[in-house]
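Here is the structure we will look at.
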Amino acid sequence: MFTGIIEDLGVVTNLEKEQDNLHLTIQSNITSELKIDQSVAHNGICLTVVAILGDNYTVTAIKETIDKTNIGDLQVGDTVNLERAMKLGDRLDGHIVQGHVDQIGTCERIKEENGSWFFTFSYDQSSGNVTIEKGSATVNGVSLTVVNSEKNKFSVAIIPYTYEHTNFKNLHVGSKINLEFDVLGKYIQKLYEARL
């Protein structure tokens with residue numbers, strides 16, 4: 001489990017295909033604190049550390065992860081939002097994030113507004129995922145509050161700190177992003193549907 005509060009921006013230093021798997025090597029300031037078998041969220045994707053060498057560590061994505069997320073689009077030199085799993089008893093500063101990406105979305109609009117940024121994302125609603133106004137959503141692993149929730153799209157407001165300390169500063173219109181919808185929102189939606 002994660003909180004959606006990004007700890008570090010890692011840099012992809014190597015990508016290696018092995019059959020259907022993709023091994024990613026990441027350089028990060030938190031590498032010295034990692035252990036083999038530890039879970040780390042990469043742009044919201046929970047992956048297991050399989051090797052550590054100096055300030056680099058390696059994780060492996062399987063075919064299903066590659067098919068359902070934007071991880072296959074990464075290139076050497078790209079930055080990745082990183083978060084280690086939360087500790088029991090820590091403050092939950094973001095929201096409950098599982099690290100299981102629900103689907104890929106697309107950045108539709110970026111608007112700078114008096115020192116902050118509004119990002120609008122669209123997604124295919126056929127899988128039953130929805131956002132709730134003022135609810136939470138995870139975009140590339142970042143816990144955010146939904147504004148302007150509409151059918152198959154929503155917006156988020158990004159403060160300067162988040163913009164500078166995540167890979168939001170690298171997004172552009174057309175960027176593919178990982179979306180994890182709020183597990184509580186999903187539960188509320190199922191209750192609502194059951195009453196209809």
Side-chain angles (χ1 to χ4, degrees), residues 1-16 21-66 68-105 119 135-146 156 158-171 175-186:
M1 300 294 272
F2 303 91
T3 66
I5 303 299
I6 303 307
E7 292 185 75
D8 191 31
L9 269 177
V11 178
V12 178
T13 57
N14 192 45
L15 296 164
E16 183 182 331
N21 297 332
L22 177 63
H23 304 292
L24 298 96
T25 301
I26 310 289
Q27 182 180 31
S28 168
N29 294 323
I30 64 171
T31 302
S32 63
E33 301 171 44
L34 298 179
K35 296 183 279 192
I36 304 281
D37 290 335
Q38 195 167 18
S39 295
V40 178
H42 301 74
N43 282 350
I45 307 162
C46 179
L47 298 169
T48 301
V49 176
V50 297
I52 299 172
L53 183 61
D55 61 354
N56 288 267
Y57 69 92
T58 302
V59 293
T60 301
I62 63 172
K63 184 178 187 311
E64 182 173 349
T65 303
I66 296 165
K68 293 187 175 178
T69 70
N70 67 5
I71 201 163
D73 297 335
L74 289 175
Q75 303 286 321
V76 171
D78 284 350
T79 57
V80 181
N81 294 328
L82 301 175
E83 180 190 0
R84 290 174 290 171
M86 70 173 158
K87 293 184 210 170
L88 204 56
D90 276 0
R91 287 188 181 92
L92 184 61
D93 291 322
H95 73 281
I96 296 171
V97 176
Q98 295 179 300
H100 303 154
V101 173
D102 291 307
Q103 66 187 92
I104 295 173
F119 286 76
S136 298
T138 307
V139 177
N140 275 354
V142 182
S143 172
L144 298 164
T145 300
V146 171
V156 294
I158 304 296
I159 62 172
Y161 182 89
T162 303
Y163 188 84
E164 287 302 320
H165 291 87
T166 68
N167 60 14
F168 265 85
K169 62 180 167 279
N170 300 328
L171 295 182
S175 289
K176 300 297 182 194
I177 49 95
N178 293 322
L179 288 173
E180 181 181 327
F181 295 86
D182 187 359
V183 69
L184 296 176
K186 290 180 200 177

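Because only heavy atoms are used, hydrogens play no part in the values below, and waters and symmetry mates are left out as well, while side chains stay in.
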Please enumerate all residues that pass side chain to side chain donor-acceptor pair (under 3.5 Å) together with [X], with sequence neighbours excluded.
| X | answer |
| --- | --- |
| D78 | none |
| T48 | none |
| N56 | T13 |
| E7 | R84 |

Within the structure provided, determine whether [X] and [Y] are in side-chain contact (heavy-atom separation under 4.5 Å).
| X | Y | result |
| --- | --- | --- |
| K68 | V101 | no |
| N43 | I71 | no |
| V12 | I26 | yes |

Considering non-hydrogen atoms only, spot the tightest contact between [X] and [Y] and give its length.
| X | Y | result |
| --- | --- | --- |
| C46 | Q98 | CB-O, 4.4 Å |
| T60 | H23 | OG1-ND1, 2.8 Å |
| F2 | M86 | O-CE, 4.2 Å |
| V139 | F168 | CG1-CZ, 3.8 Å |
| S28 | L82 | OG-CD1, 3.5 Å |
| V146 | A137 | CG2-CB, 3.8 Å |

Take L74 and L22, measure what side-chain contact (heavy atoms from CB on, under 4.5 Å) needs, and give me the verdict at the end. CA-CA 11 Å; L74 289 175; L22 177 63; over 6 Å; no

Distance-only criterion, 3.5 Å: show the donor-acceptor pairs between side-chain atoms of residues 34-42 and protein atoms not counting sequence neighbours.
residue : atom : partner : partner atom : Å
Q38     : OE1  : K35     : N            : 2.8
H42     : ND1  : V40     : O            : 3.0
H42     : NE2  : Y57     : OH           : 2.8

Non-neighbouring partners of [X] that pass side-chain contact (heavy atoms from CB on, under 4.5 Å), sequence neighbours left out:
| X | result |
| --- | --- |
| I6 | N81, V142, T166 |
| N29 | D8 |
| I62 | N21, E64, T65 |
| E164 | K169 |

Just to verify, what does E16 make a salt bridge (Lys or Arg N to Asp or Glu O under 4.0 Å) with, not counting sequence neighbours?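 Not a single residue meets the salt bridge (Lys or Arg N to Asp or Glu O under 4.0 Å) criterion with E16.
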
Does [X] reach the main-chain N or O of [Y] with its side chain, forming a donor-acceptor pair under 3.5 Å?
| X | Y | result |
| --- | --- | --- |
| E180 | G99 | yes |
| N14 | T25 | no |
| T31 | D55 | yes |

With side-chain contact (heavy atoms from CB on, under 4.5 Å) as the criterion, how do T58 and V50 come out once you've worked through the C-alpha distance, each side chain's angles and the decisive distance to 0.1 Å? CA-CA 6 Å; T58 302; V50 297; 4.0 Å; yes

Any residue meeting ring pair (Phe, Tyr, Trp, His ring centres under 6.0 Å) with H165, in chain and number order, not counting sequence neighbours: Y161

Can you tell me how far the [atom1] atom of [X] sits from the [atom2] atom of [Y], to the nearest 0.5 Å?
| X | Y | atom1 | atom2 | result |
| --- | --- | --- | --- | --- |
| Q103 | K176 | CD | NZ | 11.5 Å |
| L179 | N70 | CG | CG | 9.5 Å |
| N178 | I45 | CG | CD1 | 4.5 Å |

Does any pair with a residue in residues 41-53 pass salt bridge (Lys or Arg N to Asp or Glu O under 4.0 Å), and if so which ones, sequence neighbours excluded?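 Sorted pair list comes back empty.
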
